[in-house]
Amino acid sequence: MKFQAVIFDLDGVICFTDEYHYRAWKAMADGMGIPFDREINNRLRGVSRMDSLEIILEKYEGPALSEEKKAALARQKNDLYRESLREMSPRDLSGEVKETLDALRAMGLRLAIGSSSKNTPFILKQIGLDGYFDAVSDGNCITRSKPDPEVFVKAAEMLGIPCVDCLVVEDAVSGAEAGHAGGMQVACLGDAALNGAGDWNMKSIRELTDIVKG
Ligand code: B16
Ligand code: MG
């Protein structure tokens, strides 16, 4: 086997909460009169909540915002986002994702999550993957968000497997950069694959079972 472990990004790879992020940020931005569209949204993939807010505020033209006001705006977005998450259930885990995870595990690979999201434990519970992964490294245990490699390096440490033997799976260009900065190879989906950011740029997550064989 070419790898000992696979570290999965969450939003945009295991489940499709990226649309919920977009809608919640859009509502916040509209309320402030800030232009926000899907092109700007693509820059938020894999980026932490507060760093995402700063990207959105690049288009803000009103009076200076205090740190308290910024925290309130991020809270407003997160409350809206969590309302969408509450509607999620195991039905939001696609057959191809679950079958691929199970197939990789049956091949003897260790499986981990490497996500910037502080909502990771809640999302995993909602989609029925609570306790499924061998390690969960998320926004609650890092100080620097992607493209910094911290979240993936922590996941590898939790697994006790050298970074070089871990494959990262990402949908964000910032996440692919984070994997590479951590000395890992990266298989991309979605936006990151369209941008050619991975060592492999996949159309379907099912391709992983061949990639890990080398
Ligand atoms: P939260 P990932 C990232 O998750 C999202 O892609 C990004 O849009 C979001 O801002 C970030 O998590 C923080 O999420 O507000 O829930 O802490 O793609 O790294 O799984
Ligand atoms: Mg993602």
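Every number for a ligand or one of its atoms is a count from 1 in the order of the listing.
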Colleague: What protein heavy atom is closest to atom 4 (O) of ligand 1, reported as residue, atom name and distance in Å?
Modeller: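 Looking only at protein heavy atoms, the one closest to atom 4 (O) of ligand 1 is Asp11 OD2, 2.8 Å.
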
Colleague: Looking at Lys70 and Glu67, is there a salt bridge between them, counting it only when a charged N and a carboxylate O are closer than 4.0 Å?
Modeller: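 Salt bridge between Glu67 and Lys70, a charged N being under 4.0 Å from a carboxylate O: yes.
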
Colleague: Look at Asp9 together with Arg45 and state whether they make a salt bridge at an N to O cut-off of under 4.0 Å.
Modeller: no

Colleague: Check ligand 1 against Leu44 and write out every atom of the ligand that is under 4.0 Å from a heavy-atom position of the residue.
Modeller: 7 (C), 8 (O)

Colleague: So which bit of Ser52 gets within less than 4.0 Å of ligand 1, heavy atoms only: side chain, backbone, both or neither?
Modeller: side chain

Colleague: In the protein, what heavy atom is nearest to atom 15 (O) of ligand 1, and what distance, to one decimal place, separates them?
Modeller: Arg49 NE, 2.7 Å

Colleague: Any donor and acceptor pair, going by atom type alone, linking the side chain of Ser137 with main-chain N or O of Gly114 inside 3.5 Å?
Modeller: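 The answer is no, because no donor-acceptor pair under 3.5 Å joins these two groups.
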
Colleague: Quick one about Asn78 and Asn119 (side-chain donor to acceptor, distance below 3.5 Å, no hydrogens or angles considered), yes or no?
Modeller: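 The criterion, which ignores hydrogens and geometry beyond distance, is satisfied for Asn78 and Asn119.
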
Colleague: Taking 2.8 Å as the cut-off, does an N/O/S atom of Glu170 lie below it from the Mg ion (ligand 2)?
Modeller: no

Colleague: What is the minimum heavy-atom distance between Tyr20 and Ser84, and which atoms define it?
Modeller: CG-CB, 3.6 Å

Colleague: Measuring from the Mg ion (ligand 2), name the closest N, O or S atom belonging to Asp9.
Modeller: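 Per the distance ranking, Asp9 contributes OD2 as its closest N/O/S atom to the Mg ion (ligand 2).
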
Colleague: Quick one: look at Arg45 and ligand 1, take heavy-atom pairs under 4.0 Å, and tell me if it's side chain, backbone, both or neither.
Modeller: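 Only the backbone of Arg45 comes within reach of ligand 1.
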
Colleague: Closest heavy-atom contact between Leu93 and Lys98?
Modeller: CD2-CD, 3.7 Å

Colleague: Nearest protein heavy-atom contact for atom 18 (O) of ligand 1: which residue, which atom, what distance?
Modeller: Asp9 OD1, 2.8 Å

Colleague: Examine the proximity of ligand 1 to Leu10 and report which part, side chain or backbone, both or neither, has a heavy atom under 4.0 Å away.
Modeller: both

Colleague: Counting from 1, what ligand 1 atoms have a heavy atom of Asn119 closer than 4.0 Å?
Modeller: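 What qualifies from ligand 1 is 1 (P), 16 (O).
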
Colleague: Could a heavy atom of Lys146 be found less than 4.0 Å from some atom of ligand 1?
Modeller: yes

Colleague: Give me the atom names and distance for the closest heavy-atom approach of Ser116 to Ser145.
Modeller: OG-CB, 4.5 Å

Colleague: Taking 2.8 Å as the cut-off, does an N/O/S atom of Asp171 lie below it from the Mg ion (ligand 2)?
Modeller: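 Short answer: yes, at least one N, O or S atom is under the cut-off.
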
Colleague: Below 3.5 angstrom, do we get any N/O pair linking Tyr81 and ligand 1?
Modeller: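 No.
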
Colleague: With a 6.0 Å cut-off (strictly less than), is the heavy-atom count around CD of Glu58, excluding the residue itself, greater than 12?
Modeller: yes

Colleague: Looking only at protein heavy atoms, which one is nearest to atom 11 (C) of ligand 1, and what is the separation?
Modeller: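 For this ligand atom, the closest protein heavy atom is Val47 O, 3.2 Å.
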
Colleague: Write out the residue and atom name of the closest protein heavy atom to atom 6 (O) of ligand 1, then the distance separating them to 0.1 Å.
Modeller: Gly46 N, 2.8 Å

Colleague: Counting only N and O atoms by type, is there a donor-acceptor contact under 3.5 Å from the side chain of Asp199 to the main-chain atoms of Val186?
Modeller: yes

Colleague: Should Arg206 and Glu99 count as side-chain neighbours, where that means a heavy-atom distance under 4.5 Å?
Modeller: yes

Colleague: Could you name the option among Cys15, Ser117, Ser115, Gly114 that has the heavy atom nearest to atom 14 (O) of ligand 1?
Modeller: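 Selected option, by shortest heavy-atom distance: Ser117.
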
Colleague: In terms of the angle between their ring planes, are Tyr81 and His21 parallel, tilted or perpendicular, with boundaries placed at 30° and 60°?
Modeller: parallel

Colleague: What protein heavy atom lies closest to atom 17 (O) of ligand 1? Include the residue and the distance to one decimal.
Modeller: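 Closest protein heavy atom to atom 17 (O) of ligand 1: Lys118 N, 2.7 Å.
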
